[in-house]
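Note that these values count all heavy atoms, side chains included, but never hydrogens, waters or copies made by symmetry. A quick note: this is a predicted structure, and the numbers were derived from the prediction, not measured. Just so you know, ligand 1 is whichever comes first in the structure, and atom 1 is the first atom listed for that ligand.
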Amino acid sequence: MENFLNVMYFLGDVPAAGDLVGITFWIGTMAMMAASAFFFLSLNAVDAKWRSSILVSGLITFIAAVHYMYMRDAHAAGDNTIVFRYVDWILTVPLMCVEFYLILRAAGATKSHLTHLVVASTIMLVTGFIGEAGTMAGGAALWGLFSGIAYFYIVYMIKFGELAKLAASAGGAVESAHKTLSLFVIIGWAIYPIGYMAGTDGWYDVIDAFIPNMEVIYNIGDSINKIGFGLVVYNLAVSK
Ligand SMILES: *C/C=C(C)/C=C/C=C(C)/C=C/C1=C(C)CCCC1(C)C
């Protein structure tokens, strides 16, 4: 037991039993590390045309693993995690946009599609950060609304816009992977505004009574979305 705890100490402070936020940071770190190892080690097992997609899956979870270590330690020290959180997102969310581009490239997706997705996701995250940081006039609800508009634009592009048509024209495994990734964006990403409403003040404060904590919601969302996204891409890469 003593040795086990020493190893654990090497990896970071063990969270206290009742510290749900600390425990989810802890588990999140491990899950992101394990997923990264899985994706990187799979690189040579897939067809060459899917290698960049798998590499990007691994980069997403690896970048998250590093930020989770910082967030876990910041939380343990009683510090704010918001900057680490948003630096993580501003790197990983555009990479998730790259995944859409990569799987649809052969079907005709262009750099312009990618640029639209990346710009929209950057607007979504910068406005969300401003709302959470509370440094500018307007209040969290207004900045959250701006962020939500950018989010809906992303949903529109992949689900109803040109990317959806390209996916339909590709058919087969590419179309079904695109469908599943779109579901992650529509359902999985919708977890984040819930966390935002739990963690900021606004007309939606009634939600605070039902939702445990913003960080816990974000941590659950990250594991589902980052690892899930990568597994969908992996599944496509090993299909047939
Ligand atoms: C791996 C990290 C991911 C997939 C993060 C996604 C984050 C969002 C979809 C955040 C969206 C937000 C809104 C739609 C409104 C409120 C502010 C945000 C930034 C939490």
Side-chain angles (χ1 to χ4, degrees), residues 24-25 27-29 31-33 35-36 39 56-71 80-100 117-136 138-159 180-205 207-208 211 213-233:
T24 53
F25 274 131
I27 296 173
T29 307
M32 297 293 181
M33 282 181 178
S36 309
F39 294 131
V56 172
S57 295
L59 288 175
I60 290 170
T61 51
F62 182 71
I63 291 168
V66 174
H67 286 86
Y68 265 71
M69 282 161 73
Y70 281 103
M71 288 194 281
N80 202 310
T81 56
I82 171 175
V83 171
F84 295 127
R85 176 78 74 188
Y86 276 85
V87 172
D88 171 338
W89 288 356
I90 208 89
L91 296 170
T92 53
V93 175
L95 284 175
M96 294 170 103
C97 297
V98 170
E99 295 281 34
F100 276 100
L117 287 177
V118 169
V119 169
S121 61
T122 306
I123 293 173
M124 173 181 86
L125 295 174
V126 169
T127 49
F129 178 78
I130 293 172
E132 269 191 56
T135 46
M136 278 212 227
L142 182 68
W143 290 101
L145 175 68
F146 293 149
S147 176
I149 292 169
Y151 169 59
F152 280 124
Y153 177 71
I154 297 170
V155 169
Y156 172 80
M157 260 192 91
I158 59 176
K159 188 67 196 168
T180 316
L181 291 183
S182 302
L183 279 181
F184 271 98
V185 173
I186 296 166
I187 300 170
W189 289 20
I191 294 171
Y192 297 97
I194 298 173
Y196 181 89
M197 291 191 278
T200 60
D201 291 330
W203 53 267
Y204 40 70
D205 276 349
I207 204 174
D208 298 358
I211 302 293
N213 175 294
M214 180 182 74
E215 304 273 16
V216 174
I217 302 291
Y218 285 168
N219 291 351
I220 293 170
D222 279 354
S223 278
I224 293 174
N225 287 300
K226 291 181 165 67
I227 300 172
F229 229 73
L231 288 175
V232 174
V233 172

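Taking every heavy atom of Thr92 and a limit of under 4.0 angstrom, the matching atoms of ligand 1 come to 1 (C). Atoms of ligand 1 lying under 4.0 Å from at least one heavy atom of Gly144, given by number and element, are 15 (C). Which parts of ligand 1 touch Met96 is read off a 4.0 Å heavy-atom cut-off, strictly below it: atoms 4 (C). Below 4.0 Å from some heavy atom of Tyr196 lie the following atoms of ligand 1, by number and element: 16 (C), 17 (C), 20 (C). Of all atoms in ligand 1, listed by their number and element, those nearer than 4.0 Å to a heavy atom of Lys226 are 1 (C), 2 (C), 3 (C). Near Asp222, meaning under 4.0 Å from one of its heavy atoms, ligand 1 places the atoms 1 (C), 2 (C).
The closest side-chain donor-acceptor pair between Arg85 and Asn80, if any, does not fall under 3.5 angstrom. Side chain to side chain, Thr200 and Glu132 fail the donor-acceptor criterion of an N or O pair below 3.5 Å.
Looking at heavy atoms from C-beta onward, Met69 lies in side-chain contact with Met33 at the 4.5 angstrom threshold.
Not a single heavy atom of Glu132 sits closer than 4.0 Å to an atom of ligand 1. A heavy-atom separation below 4.0 Å is not found between Phe184 and ligand 1.
Outside the 6.0 Å centre-distance limit, the rings of Tyr218 and Phe25 are not counted as a close aromatic pair. Taking the six-membered ring for Trp, Tyr192 and Trp189 have ring centres at least 6.0 Å apart.
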Requested in this report: Would you sort out whether Val56 and Phe39 count as a side chain to side chain contact (heavy atoms under 4.5 Å, CB included), showing the intermediate values?
Outcome: CA-CA 9 Å; Val56 172; Phe39 294 131; over 6 Å; no

Requested in this report: Dump the intermediate steps for side chain to side chain contact (heavy atoms under 4.5 Å, CB included) on Leu95 and Ile63, then the final yes or no.
Outcome: CA-CA 10 Å; Leu95 284 175; Ile63 291 168; 3.8 Å; yes

Requested in this report: Carefully, step by step, assess Asp88 and Tyr68 under the rule side chain to side chain contact (heavy atoms under 4.5 Å, CB included).
Outcome: CA-CA 9 Å; Asp88 171 338; Tyr68 265 71; 4.1 Å; yes

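Residue Thr92 forms a side chain to side chain contact (heavy atoms under 4.5 Å, CB included) with just one option from Asp222, Asn225, Ile60, and that option is Ile60.
In Tyr86, the part holding a heavy atom less than 4.0 Å from any atom of ligand 1 is the side chain. When heavy-atom distances to ligand 1 are checked against a 4.0 Å cut-off, Val93 comes that close only through its side chain, counted from C-beta outward.
Looking at atom 9 (C) of ligand 1, its nearest protein heavy atom turns out to be Met124 CE, 3.4 Å. The single protein non-hydrogen atom nearest to atom 13 (C) of ligand 1 is Ser147 OG, 3.2 Å, given as residue, atom name and distance.
The residue from Tyr151, Trp189, Tyr192 that puts a heavy atom closest to atom 3 (C) of ligand 1 is Tyr192.
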